[in-house]
Amino acid sequence: MVSTFQKQIQELEAERDLLVSIRERAVSEGGKLTAFGQDLVHTCLKHGIPNGDTAKIIGVTTSAITQRAKKLSEE
């Protein structure tokens with residue numbers, strides 16, 4: 001029988017695994033945003049998610065998101 005606390009831990013671990021998966025796809029080994037990462041930033045910006053929150057999700061600095069936002073506005 002799994003306790004409520006153990007179930008919560010399992011749910012948090014699953015969420016962590018999902019976040020790790022997103023980060024692995026969003027940023028290259030060299031620290032640059034991949035095409036997936038750029039699309040994710042664009043989607044977050046489009047839906048009003050703050051740059052700081054997007055940066056935390058992807059695992060980059062807020063300035064990296066701000067720079068990408070600037071490039072998108074110039075396109």
Could you pull out all donor-acceptor pairs under 3.5 Å where a side-chain atom in residues 7-24 meets a protein atom, sequence neighbours excluded?
{"residue": "Ser21", "atom": "OG", "partner": "Arg25", "partner atom": "NH1", "Å": "2.3"}
{"residue": "Arg23", "atom": "NE", "partner": "Ile57", "partner atom": "O", "Å": "3.1"}
{"residue": "Arg23", "atom": "NH2", "partner": "Lys56", "partner atom": "O", "Å": "2.5"}

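- More than 12 heavy-atom neighbours from other residues, nucleotides or ligands sit within 6.0 angstrom of CD on Glu74.
- The side chain to side chain contact (heavy atoms under 4.5 Å, CB included) test applied to Gln6 returns Val2, Ser3, not counting sequence neighbours.
- Taking Asp53 as the reference, Ile49, Pro50 meet the side chain to side chain contact (heavy atoms under 4.5 Å, CB included) condition, with sequence neighbours excluded.
- Between the CZ atom of Arg68 and the NE2 atom of His42 there is a distance of 9.0 Å, given to the nearest 0.5 Å.
- Under the 4.5 Å side-chain criterion, counting only non-hydrogen atoms from C-beta, Val41 is in contact with Thr54.
- Atoms CZ and CD1, from Phe36 and Ile58 in turn, are 8.0 Å apart once rounded to the nearest 0.5 Å.
- To the nearest 0.5 Å, the span separating CD1 on Ile65 from CG on Leu33 amounts to 5.5 Å.
- Residues Thr66 and Asn51 bring a donor and an acceptor atom of their side chains to less than 3.5 Å of each other.
- To the nearest 0.5 Å, the span separating CD on Gln67 from NZ on Lys70 amounts to 8.5 Å.
- Here the shortest heavy-atom pairing between Thr34 and Val27 reads CG2-C, 3.8 Å.
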